[in-house]
Amino acid sequence: NADTAMYKAKLSGKDNYVFYHDEMKEELRKKSEIEGILRQAFREDGFLLHYQPQVDVNTGEIASFEALLRLKDFNISPGVFIGVAEEIGLIVDIGRWVTKEVINQLVRWREQGYPLKTVSLNYSNRQLRDVDYIPFLNNLLVSNGLDPEYIEIEITESSLLEESLQTLEFLDRLKELGVKIALDDFGIGYSSINYLSYIPANKVKLDKSLSDKFLGVHNSSVIDSIIALAHGLELEITAEGIEEYNQFIRLKEAGCDYIQGYLFSRPVGVDEIEKVYGTNLIESLNNA
Ligand code: C2E
Ligand code: MG
Ligand code: MG
Ligand code: MG
């Protein structure tokens, strides 16, 4: 962040200022390069979605897929390009594209007879400024004859704090529409328990960093507490970023509802995801 860099430079003297100045210039150059890539990708059909299963801990069935955005021709991670898309506002158009794409894919999967439950998509804080998003979504659902409960919208816990009234209103309208709501990156923000109890969400997604920190031998009762907290608020809970079998076992013991992570599958393209469709991922894991 440029402000922090400036501040640090001030604290540490002139030489460093030059150093940070170059660093900032380099950062700006990269950013505008990514901006160009994103604008072109948006114009020229350069995005695609990957899907990652969320596995029901108790049955091993795939409960849903999360749609995750990728650039077709560039190996730049969303962790990098989503931030730029948010900054330049392009995330609004991209978000609509993602929504349309997910709904088209849902319709295709249903036509092919897959026993599909939900597909979730990510919705940034910045997309709240898309005031017509809800009617847009509603029109798509109606024109495709798709039941709203097939869609789950993931919003981050941090957006609850940043634009809280706006976010709450948005969530109420989503709920009214009948789509499901998940609170993403749960546990790394600072929402109060009281505030969480107002949120019309169905589910929270425990951030990877917390599982990594608390699913070891030490402190693992923290995970039990978080899961109890979620359930106490009548929220289901998905643990994200689970890579190891031991973590899965521990989460199962703790009563976690869903697991998403490389242990079961990476996010993959439609062709790949169709190969695992209908398979019991816990059984396949145990048989491997
Ligand atoms: P997220 O919504 O929290 O998504 C989960 C991220 O964790 C994904 O990163 C996924 O690939 C990664 N992940 C899943 N399992 C594992 C695992 O076992 N190990 C590790 N190391 N990582 C795992 P990805 O796809 O790079 O996306 C990063 C973030 O970018 C997402 O975090 C989400 O906030 C944002 N994002 C992605 N697609 C979209 C989109 O279509 N719209 C918006 N607004 N944001 C998006
Ligand atoms: Mg997500
Ligand atoms: Mg997350
Ligand atoms: Mg995230």
Side-chain angles (χ1 to χ4, degrees), residues 34 38 41-42 46-55 62-72 74-103 105 118-130 133 137 151-160 162 167 170 180-189 201-213 215 226 230 237-248 251 258-269 272-273 276 281 285:
I34 294 172
L38 291 175
F42 187 73
F47 289 109
L48 87 160
L49 292 177
H50 277 181
Y51 293 90
Q52 188 181 31
Q54 295 180 33
V55 178
I62 295 171
S64 63
F65 289 132
E66 177 174 7
L68 293 156
L69 192 64
R70 299 289 182 262
L71 277 162
K72 279 182 189 166
F74 298 89
N75 192 14
I76 309 173
S77 88
V80 174
F81 73 72
I82 292 287
V84 178
E86 287 171 346
E87 252 178 70
I88 63 176
L90 191 64
I91 195 67
V92 166
D93 289 329
I94 294 175
R96 286 188 173 217
W97 180 85
V98 169
T99 308
K100 218 168 173 176
E101 187 68 13
V102 161
I103 287 176
Q105 190 55 57
T118 40
V119 175
S120 37
L121 56 93
N122 292 283
Y123 190 89
S124 318
N125 197 19
R126 179 67 178 75
Q127 292 172 256
L128 287 169
R129 297 188 206 167
D130 185 1
Y133 181 79
L137 174 60
I151 299 286
E152 181 171 76
I153 308 266
E154 298 190 2
I155 64 142
T156 60
E157 193 187 6
S158 58
S159 49
L160 296 180
E162 284 162 32
T167 311
F170 175 75
K180 293 183 179 152
I181 299 164
L183 214 51
D184 206 349
D185 303 344
F186 182 65
I188 60 172
N202 306 83
K203 190 195 271 176
V204 292
K205 299 188 75 179
L206 184 67
D207 195 72
K208 179 177 176 16
S209 60
L210 286 173
S211 299
D212 287 345
K213 192 165 179 186
L215 278 178
I226 294 172
I237 184 159
T238 303
E240 265 191 312
I242 300 308
E243 298 179 357
E244 286 159 27
Y245 190 75
N246 290 343
Q247 294 180 312
F248 154 63
L251 285 162
Y258 307 103
I259 288 181
Q260 180 179 351
Y262 296 173
L263 176 68
F264 293 112
S265 170
R266 286 177 175 265
V268 289
E272 284 291 307
I273 207 75
V276 297
L281 289 177
L285 192 69

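For the numbers below, each heavy atom of this structure counts, side chains included, while hydrogens, waters and symmetry mates do not. Remember, it's a predicted structure, so these values are computed and weren't measured experimentally. Whatever order the structure lists ligands and atoms in, that order sets their numbers, starting from 1.
The closest approach between H50 and ligand 1 stays at or above 4.0 Å for every heavy atom of the residue. The shortest separation from a heavy atom of S77 to ligand 1 is not under 4.0 Å, leaving the residue out of contact.
Side-chain contact between H50 and P78 is absent, with no heavy atoms from C-beta onward closer than 4.5 Å. Side-chain contact between T238 and L206 is absent, with no heavy-atom pair separated by less than 4.5 Å. Counting heavy atoms from C-beta on, the side chains of L69 and F81 come closer than 4.5 Å. Between L49 and Q105, every side-chain heavy-atom pair lies at or beyond the 4.5 Å cut-off. Counting heavy atoms from C-beta on, the side chains of E66 and Q54 come closer than 4.5 Å. Residues L183 and I155 meet the side-chain proximity criterion, which asks for heavy atoms closer than 4.5 Å. The closest side-chain heavy-atom distance from I34 to F74 is not below 4.5 Å.
When heavy-atom distances to ligand 1 are checked against a 4.0 Å cut-off, K205 has no atom that comes that close, whether in backbone or side chain. Of the heavy atoms in I82, only side-chain atoms (C-beta onward) come closer than 4.0 Å to ligand 1. Only the side chain of E66 comes within 4.0 Å of ligand 1, judged by heavy-atom distances.
Interface atoms of ligand 1 facing Q127, defined by a heavy-atom separation under 4.0 Å, are 44 (N). Proximity to K208 (heavy-atom distance under 4.0 Å) selects the following atoms of ligand 1: 19 (N), 20 (C), 21 (N). Ligand-side atoms of ligand 1 in range of D185: 3 (O), range being under 4.0 angstrom from any heavy atom. Near E243, with a cut-off below 4.0 Å to any heavy atom, the atoms of ligand 1 are 17 (C), 18 (O), 19 (N), 20 (C), 21 (N). Against a heavy-atom cut-off of under 4.0 Å, G261 is close to the following atoms of ligand 1: 15 (N), 18 (O). Taking a cut-off of under 4.0 Å to the non-hydrogen atoms of I242, the atoms of ligand 1 that pass are 18 (O). The ligand atoms of ligand 1 that sit less than 4.0 angstrom from a heavy atom of Q52 are 14 (C), 15 (N).
Residue side and main chain included, E154 places no N/O/S atom under 2.8 Å of the Mg ion (ligand 3).
Counting only distance, with no hydrogens or angles, the side chain of E101 and the backbone of L48 share no donor-acceptor pair below 3.5 Å. Judged purely by atom type and a 3.5 angstrom limit, D185 has no side-chain atom pairing as donor or acceptor with the backbone of D207.
Environment of NZ in K208: crowded, with over 12 heavy atoms of neighbouring residues, nucleotides or ligands closer than 6.0 Å.
As for D184, its N/O/S atom nearest the Mg ion (ligand 3) is the one called OD1. Restricting E240 to its N, O or S atoms, the one at the least distance from the Mg ion (ligand 3) is OE1. The minimum distance between the Mg ion (ligand 3) and any N, O or S atom of D185 involves atom OD1.
Rounded to 10°, the angle that OE2 of E66 and OD1 of N122 form at the Mg ion (ligand 2) is 90°.
Between D184 and ligand 1, a contact under 3.5 Å exists for at least one N or O pair. Polar contact check, Y262 against ligand 1: a nitrogen or oxygen pair lies under 3.5 Å apart. The shortest N or O to N or O distance between P267 and ligand 1 is not under 3.5 Å. For the pair E240 and ligand 1, the shortest N or O to N or O distance falls below 3.5 Å. Residue contacts with ligand 1: Q260 is placed with no nitrogen or oxygen under 3.5 Å of a nitrogen or oxygen of the ligand (distance criterion only).
Among residues two or more places apart in sequence or in another chain, the side chain to side chain donor-acceptor pair (under 3.5 Å) test is passed with Y245 by N286. The side-chain contact (heavy atoms from CB on, under 4.5 Å) test applied to E244 returns Q247, not counting sequence neighbours.
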Residue pair Q260, Q52: steps toward the side chain to side chain donor-acceptor pair (under 3.5 Å) verdict: CA-CA 7 Å; Q260 180 179 351; Q52 188 181 31; 2.8 Å; yes

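Ring planes of Y123 and F170: parallel class, angle under 30° (limits at 30 and 60°).
Around atom 45 (N) of ligand 1, the closest heavy atom drawn from D212, I259, N122, V98 belongs to N122. The option from L68, T99, L263 that lies nearest to atom 37 (C) of ligand 1, judged by heavy atoms, is L68.
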